[in-house]
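Here is the structure we will look at.
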Amino acid sequence: MRKHIVAGNWKLNNNLNQTETLISELKQQTKTSDAEVMIAPTFVNLWHAFQATKQDDIEVISQNMHFAENGAYTGEISADMLKSIGIQTVILGHSERRAYFNETDESLAKKVDAALVNNMRVIFCFGEELADRKAGKEASVVESQIKNALFHLEPSAFKHIVLAYEPVWAIGTGETASPEQAQDMHAFIRKTLATKYGNAIADDMTILYGGSVKPGNAKEIFSKPDVDGGLIGGAALKAEDFYAIVNAF
Ligand code: 13P
């Protein structure tokens, strides 16, 4: 049985006070679905968020990390540092990291390896840009992003990986992929995985959709058979909206 996951990517939002407030509002919400709930505050607030949610059904995860264990990488954070404060899951490959911070398939493959060596779980993001979709290249772009960063891994590694399809044109734009577009791509991703690693691994893979998921459209998107959850940006910053999405399963 695949896991359902709804993860809130807070991006560059919420200082310490705002983090405290949002977490206390999240704790007042009621979960009625079987989805695992995760939140990804910014690095400086991870420790506080982890402490504040220890007793709750909320996992605090990181938005990023560096591939090196330590060394001369000013401003960076390692897997070991994250683990030392209790963080067990990291988002890697978000399109904003690729676009604004020059993350490449090659550097992402190294980050994935570093996370796995440290027994962390990875939420690996990918997705095509609008120009790719207009050119009918969305499947080949997604396929190469997955292959380049993940297909060097042993089959056993996939137990620790969650995939997140986030079409760039749907992120923060209010324009969401239609449930059919999401389903078509998720089925393609599963098939790509099956071709290399077999049906058992592909069938077990949790594949999240991200891009303008809101309380009003979550149910329809999550009703698709290959959509196993969501990676939520804007709507994760309001406790009620976020839990309306969590409870859309
Ligand atoms: P929005 O939900 O704001 O479109 O952001 C999606 C996203 O990038 C989650 O990682």
Side-chain angles (χ1 to χ4, degrees), residues 3-14 18-19 22 26 35-43 45-46 49 58-65 87 89-103 108 111-112 115 120-130 132-133 138 141-142 145-146 149 161-179 181-182 185-186 189 206-222 224 227-249:
K3 282 184 183 135
H4 290 150
I5 295 175
V6 177
N9 175 8
W10 291 9
K11 308 190 180 183
L12 183 58
N13 293 294
N14 292 333
Q18 292 160 333
T19 297
L22 181 50
L26 290 170
E36 279 183 37
V37 178
M38 302 179 184
I39 56 170
T42 187
F43 281 133
N45 292 323
L46 284 176
I58 297 175
E59 182 183 349
V60 174
I61 70 174
S62 178
Q63 297 176 18
N64 182 32
M65 57 166 242
I87 306 300
T89 302
V90 59
I91 299 171
L92 293 176
H94 193 281
S95 62
E96 288 147 18
R97 302 280 333 156
R98 295 176 191 257
Y100 308 137
F101 303 97
N102 302 321
E103 296 209 356
L108 288 168
K111 289 187 176 202
V112 169
M120 291 186 76
R121 177 157 68 161
V122 173
I123 299 181
F124 183 74
C125 305
F126 51 86
E128 83 283 2
E129 298 189 18
L130 186 57
D132 302 322
R133 187 161 276 267
E138 65 273 17
V141 167
V142 161
Q145 287 172 326
I146 293 174
I161 291 181
V162 169
L163 299 179
Y165 169 57
E166 298 203 303
V168 177
W169 48 271
I171 295 178
T173 58
E175 184 175 349
T176 176
S178 70
Q181 285 172 322
M185 185 59 88
H186 283 221
I189 294 161
T206 297
I207 308 177
L208 312 182
Y209 168 79
S212 298
V213 179
K214 307 276 181 241
N217 60 22
K219 218 179 184 69
E220 212 190 339
I221 295 172
F222 293 170
K224 294 296 175 190
V227 179
D228 307 309
L231 188 52
I232 318 300
L237 300 174
K238 282 204 185 128
E240 274 181 28
D241 286 358
F242 186 56
Y243 269 78
I245 296 169
V246 168
N247 291 333
F249 273 107

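Along the sequence shown, the residues carry numbers beginning at 1. All ligand and atom numbering here is 1-based and tracks the order in the structure.
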Ile171, portion touching ligand 1 at heavy-atom distance under 4.0 Å: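 It is both backbone and side chain that touch ligand 1.
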Contact partition for Ala164 relative to ligand 1, non-hydrogen atoms under 4.0 Å: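 No part of Ala164 is near ligand 1 at this cut-off.
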State the atoms of ligand 1, each with its element, that fall below the 4.0 Å cut-off from a heavy-atom position in [X].
| X | value |
| --- | --- |
| Gly234 | 1 (P), 2 (O), 3 (O) |
| Ala170 | 4 (O) |
| Glu166 | 6 (C), 7 (C), 8 (O), 9 (C), 10 (O) |
| Gly172 | 1 (P), 3 (O), 4 (O) |

Non-hydrogen atom of Lys214 closer than 4.0 Å to ligand 1: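 Outside the 4.0 Å threshold, so no.
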Ser212 heavy atom under 4.0 Å from ligand 1: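 Yes, Ser212 has a heavy atom closer than 4.0 Å to ligand 1.
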Would one find an N or O of [X], backbone or side chain, under 3.5 Å from an N or O of ligand 1?
| X | answer |
| --- | --- |
| Asn9 | yes |
| Leu231 | no |
| Gly210 | no |
| Gly211 | no |

Considering all heavy atoms, the nearest [X]-[Y] contact:
| X | Y | result |
| --- | --- | --- |
| Tyr209 | Pro167 | CE1-CD, 3.6 Å |
| Trp10 | Leu26 | CZ2-CD1, 4.0 Å |
| Thr89 | Met120 | N-CE, 3.8 Å |

Shortest reach to atom 8 (O) of ligand 1 by a heavy atom, considering only Lys11, Gln63, Glu96, Glu175: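 The residue whose heavy atom sits nearest atom 8 (O) of ligand 1 is Lys11.
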Verdict with supporting geometry, Val213 and Ile245, side chain to side chain contact (heavy atoms under 4.5 Å, CB included): CA-CA 8 Å; Val213 179; Ile245 296 169; 4.0 Å; yes
Residues, nucleotides or ligands: over 12 heavy atoms within 6.0 Å of Lys238 NZ: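 At most 12 heavy atoms, drawn from other residues, nucleotides or ligands, come within 6.0 Å of this atom.
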For atom 2 (O) of ligand 1, closest protein heavy-atom neighbour: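 Among all protein heavy atoms, the one nearest atom 2 (O) of ligand 1 is Gly233 N, 2.9 Å.
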Asn14 backbone acceptor or donor facing Asn45 side chain under 3.5 Å: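 Side chain of Asn45 to backbone of Asn14, a donor-acceptor pair under 3.5 Å: yes, one is there.
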Side-chain donor/acceptor of Asp228 to backbone N/O of Ile207, under 3.5 Å: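 Yes; judged by distance alone, with no hydrogens or angles, the pair exists.
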Modelled atom types, side-chain donor and acceptor of His94 and Gln63, under 3.5 Å: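 Absent: no donor and acceptor within the cut-off.
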Tyr165 and His186 aromatic ring geometry - parallel, tilted or perpendicular at 30°/60° bounds: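 Perpendicular, since the angle between the ring planes exceeds 60°.
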